[in-house]
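Computed from a predicted structure; not experimentally measured. Naming convention: chains lettered A, B, ... in sequence-line order (proteins, then strands); numbering from 1 in each chain.
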Amino acid sequence: MNQDNLIIAGKSYSSRLLVGTGKYKDFAETQAAIEASGAEIITIAIRRSNIGQNPNEPNLLDILPPSKYTLLPNTAMCYSADEAVRTLRLARELLDGHSLVKLEVLGDPQSLYPNVVETIAAAKTLVKDGFQVMVYTSDDPIIAKQLEDIGCVAIMPLASLIGSGMGILNPWNLQLIMDRVQVPVIVDAGVGTASDAAIAMELGCHGVLMNTAIAAAQKPVLMASAMKLAVNAGRAAYLAGRMPRKLYSASSSSPTAGIIAPAKS
Amino acid sequence: MIAISINGTIQQFDSNISVAALIEHMQIGNKRIAIECNGEIVPRGQFNQHMLADGDKLEIVVAVGGG
């Protein structure tokens with residue numbers, strides 16, 4: 001069987017669904033949901049150790065070990081290039097030199113919209129410092145191309161605002177981005193339910209990253225498996241090459257010959 | 001005695017405490033952590049050698065759930 005793997009920075013992944021590890025009820029739910037999603041790449045955040053907490057309390061990495069998953073440290077809640085760079089340098093040290101990272105620099109605490117100017121600045125520093133940067137960005141195709149030119153290994157445009165669940169609001173911009181960049185385009189932010197993920201894949205996106213869509217579902221583990229199916233279905237539909245859309249086609253799916261004559265009234 | 005800021009909280013220690021000794025004192029030796037001292041990463045291999053001084057600002061971080 002042909003492998004249709006996702007290739008990021010020369011490494012191959014069979015899952016095109018990437019999942020965040022935040023907002024779950026507890027570690028048990030986190031683990032169960034990640035497992036159900038089939039995700040191989042999972043994002044983590046870097047935060048101050050809570051000194052004085054129970055030293056025997058389990059760590060996130062105990063249940064999601066680097067030996068089993070590709071951990072993608074993020075720069076969530078960073079508002080400047082400097083903060084993002086510092087955070088990722090700490091993350092790289094934490095993960096023994098692992099250099100595949102997610103860059104995100106926010107511009108506004110209410111909308112969590114990315115600050116693309118600071119993002120570009122951070123990307124330049126990080127790429128020069130040897131990081132493999134998967135960059136969260138707006139759906140501006142010019143910025144996306146600039147980020148690729150800087151050397152980012154994946155472009156991750158938002159579908160809609162982080163945590164909003166509004167789905168793909170601008171498929172045309174996503175298409176513009178995919179027309180212009182060679183590196184994988186992974187929709188990140190705004191996915192709300194399975195069809196959103198399927199639509200992203202049908203458009204030709206290489207993968208989808210989500211967190212709230214699963215964690216904030218009534219049944220996260222069930223939603224995680226729905227998302228796995230949706231990403232696979234969307235990808236297969238894309239590879240199958242959909243039929244064209246037409247206003248009308250006069251093209252019935254049933255034969256036009258051999259229709260019985262109308263009964264005499 | 002020296003005063004060191006650890007994750008925003010100032011704590012007092014005997015002088016000449018190494019990063020390794022601090023970690024042991026704080027009972028976080030079994031966790032996967034990374035440390036920044038005055039804005040510079042302290043590599044794990046340097047924990048025994050790096051001595052802390054009065055006024056040092058440490059950030060000690062771990063991996064947590066996030067999107």
Check step by step if side chain to side chain contact (heavy atoms under 4.5 Å, CB included) holds for Glu36(B) and Glu93(A).
CA-CA 10 Å; Glu36(B) 197 195 59; Glu93(A) 177 63 25; over 6 Å; no
Chi angles and distances behind the side chain to side chain contact (heavy atoms under 4.5 Å, CB included) call for Asp96(A), Arg44(B)
CA-CA 9 Å; Asp96(A) 302 321; Arg44(B) 200 163 308 152; 2.6 Å; yes
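Of the inter-residue distances, the one linking Ile60(B) atom CD1 with Asn50(A) atom CG reads 11.5 Å to the nearest 0.5 angstrom. The structure places CZ of Arg48(A) at 11.0 Å from CD1 of Ile6(B), a figure rounded to the nearest 0.5 Å. Here the straight-line distance linking atom CZ of Arg47(A) with atom CD of Glu59(B) works out to 11.5 Å at 0.5 Å rounding.
Note on Thr212(A), Thr87(A), Leu61(A), Thr30(A): by heavy-atom pairs under 4.5 Å with chain B, the leading option is Leu61(A). No other option in Leu209(A), Leu94(A), Asn211(A) has as many heavy-atom pairs under 4.5 Å with chain B as Leu94(A). By number of non-hydrogen pairs under 4.5 angstrom with chain A, the leading residue of Gly39(B), Gly29(B), Gly65(B) is Gly65(B). With chain B as the partner, the residue from Ile42(A), Leu90(A), Leu95(A) showing the most heavy-atom pairs under 4.5 Å is Leu90(A).
Listed for the Asn59(A) side chain is no donor-acceptor partner under 3.5 Å among the backbone atoms of Arg32(B). Between the side chain of Ser49(A) and the backbone N or O of Val62(B) there is no donor-acceptor pair closer than 3.5 Å.
Proximity to chain B (any heavy atom under 4.5 Å) is shown, for Lys23(A), by neither the backbone nor the side chain. For Ile46(A), the parts lying under 4.5 angstrom from a heavy atom of chain B are both the backbone and the side chain.
For Glu24(B), the CD atom is loosely surrounded, since the number of other residues' heavy atoms within 6.0 Å does not exceed 12.
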